[in-house]
Amino acid sequence: MNKKMVTIIAALAMCTAMAGCTGNDTASSSKAETTTTTTAAAESAAPAESTADESAVTNVGTTDYDVDGDFRAFEQMKDKYEGNYLANLTGQMSNNGTKYTICIKDGKAYQALTVQGMKSYTVCPGDGKLYNVSEGTTTYSIEDFDENELKAADILFGATLDFDHAYIDTTTNVVHEYYNLDSSVSGGEGQIVYGFDGATYDLKQVVLLPEGADESSAVYFTVDSMGEADDSLLAVPDLSAYTKE
């Protein structure tokens with residue numbers, strides 16, 4: 001495990017590098033081309049959510065959401081959860097099956113990922129230190145932590161800039177809102193797409209889209225649950241059974 005905060009948003013930078021989608025590579029791409037590509041990516045992901053059990057598809061119907069209106073589901077979510085949330089997500093497609101947990105509160109952060117049953121996590125408990133823990137190898141490391149990195153740890157709000165556009169998937173009744181990413185936080189140009197239930201506006205999906213990439217280079221997450229932060233996750237971990245690297 002790298003001795004740094006495990007940032008889910010950093011997956012965007014990794015995909016950007018793998019796809020060769022640097023700023024110079026995409027400088028000649030028009031905004032319209034990018035919009036078309038990213039829309040296709042999100043559209044391809046939405047049906048994947050409903051294929052697990054077609055007989056149990058829910059939330060299909062109409063929505064009052066106006067893509068050209070003033071209401072944004074992201075702003076409603078931001079008012080409720082920014083700076084205080086616990087989210088559990090599952091990776092799809094390229095990161096299929098990987099479990100992610102993010103907890104943010106009062107300038108503290110916790111992130112965990114579980115791959116094939118092997119869990120690693122990082123904690124920034126507000127003491128100026130970053131604790132990296134691997135349950136698989138029963139090892140840990142401690143390093144100084146830059147408070148500015150908290151933005152990178154906050155997948156839902158830390159790197160989100162201005163609203164770009166929205167569309168409604170009428171098949172699943174999911175509202176997709178596109179926002180530009182702050183490259184200084186995300187590590188690369190691109191967009192983040194939030195998929196909301198068209199009836200309740202609960203968050204259902206998050207997609208990270210590197211600039212100029214197609215859906216094969218996007219990073220997809222379904223949202224399993226979301227609520228207020230769990231303070232117990234933000235404490236200094238008990239490392240008595242672990243070996244320091």
Side-chain contact test, heavy atoms from C-beta onward, threshold under 4.5 Å: evaluate it for Leu233 versus Lys105 and give yes or no. no
Within the 4.5 Å heavy-atom criterion, are Ile168 and Val67 side-chain neighbours or not? yes
Nearest-0.5 Å distance that lies between atom OG in Ser225 and atom CG in Asp202: 11.5 Å
Between NZ on residue Lys108 and SG on residue Cys103, distance to nearest 0.5 Å: 10.0 Å
Which heavy atom in Ala109 sits nearest to a heavy atom in Ala153, and how many Å separate them? CB-CB, 4.1 Å
Looking at every non-hydrogen atom in both residues, tell me the closest pair between Leu181 and Ser186 and how far apart they are. CB-OG, 4.0 Å
Contact summary for Asp127 and Lys129, nearest pair of heavy atoms: OD1-N, 2.9 Å
Could you give the distance from CD1 (Ile142) to CG (Leu239), rounded to the nearest 0.5 Å? 6.0 Å
Give me the atom names and distance for the closest heavy-atom approach of Leu150 to Gly107. CD1-O, 3.0 Å
I'd like to know if the side chain of Arg72 pairs up with that of Tyr65 as donor and acceptor (distance under 3.5 Å, no hydrogens or angles considered). yes
Can you tell me how far the CD1 atom of Ile192 sits from the CG atom of Asp182, to the nearest 0.5 Å? 12.0 Å
Can you check whether Thr137's main-chain N or O pairs, donor with acceptor, with Ser134's side chain at less than 3.5 Å? yes
Both conditions, 6.0 Å and 45 degrees, for the charged tip of Lys119 above the ring of Tyr121: are they met here? yes
How about Ser120 and Glu135: does a side-chain donor come under 3.5 Å of a side-chain acceptor? no
Pairwise distance CD(Gln76) to CG(Asp79) - rounded to 0.5 angstrom: 8.0 Å
What about Tyr140 and Tyr242, are their ring centers closer than 6.0 Å? no
Is there a side-chain contact between Pro125 and Tyr131 in this structure, where contact means two heavy atoms from C-beta onward sitting under 4.5 Å apart? yes
In this structure, NZ of Lys80 is separated from CG of Leu203 (nearest 0.5 Å) by 11.5 Å
Any side-chain donor near an acceptor of the partner, Glu228 and Asn84, under 3.5 Å: no
Taking side chain as C-beta onward, heavy atoms only, is Val123 less than 4.5 Å from Leu130? no
Is a donor from one side chain sitting under 3.5 angstrom from an acceptor on the other, for Thr122 and Asn132? no
Connected via hydrophobic side-chain network under 4.5 Å: Met118 and Leu113: no
For Tyr201, run the ring-ring contact (aromatic ring centres under 6.0 Å, His included) check against Phe71, Phe74, Tyr194 and tell me which one passes. Phe71
For Thr90 and Thr98: C-alpha separation, side-chain torsions, deciding distance, then whether side chain to side chain contact (heavy atoms under 4.5 Å, CB included) applies. CA-CA 6 Å; Thr90 300; Thr98 300; over 6 Å; no
Looking at every heavy atom in both Tyr85 and Asp154, which two are closest together, and how far apart are they? OH-OD1, 2.6 Å
What I'd like to find out is whether the side chain of Leu89 reaches to under 4.5 Å of the side chain of Thr222, using heavy atoms alone. no
Pairwise side-chain contact, Val207 with Val219, heavy-atom cut-off 4.5 Å (strictly under): no
Validation row, ring centre Phe163 to ring centre Tyr179 under 6.0 Å: yes
For residues Ala199 and Asn173, report the shortest heavy-atom separation together with the two atoms involved. N-ND2, 3.8 Å
I want to check something: taking the side chain as every heavy atom from C-beta on, are Ile102 and Leu86 in contact at a cut-off of under 4.5 Å? no
Short side-chain to backbone donor-acceptor contact, Thr63 and Gly198, under 3.5 Å: yes
Let's go through Tyr110 and Thr101 carefully: what are the C-alpha distance in whole Å and the side-chain angles of both, what is the deciding distance for side chain to side chain contact (heavy atoms under 4.5 Å, CB included) to 0.1 Å, and is it a yes or a no? CA-CA 8 Å; Tyr110 168 92; Thr101 298; 4.0 Å; yes
Apply side chain to side chain contact (heavy atoms under 4.5 Å, CB included) to the pair Tyr81 and Met226, showing each step before the final yes or no. CA-CA 9 Å; Tyr81 289 116; Met226 188 167 176; 3.4 Å; yes
Val175 and Glu177: CA distance, side-chain angles, deciding distance, side chain to side chain contact (heavy atoms under 4.5 Å, CB included) verdict: CA-CA 7 Å; Val175 173; Glu177 293 185 352; 4.3 Å; yes
Below 30° counts as parallel, above 60° as perpendicular, anything between as tilted: where do the rings of His165 and Tyr178 land? parallel
Is there a side-chain contact between Gln191 and Asp164 in this structure, where contact means two heavy atoms from C-beta onward sitting under 4.5 Å apart? yes
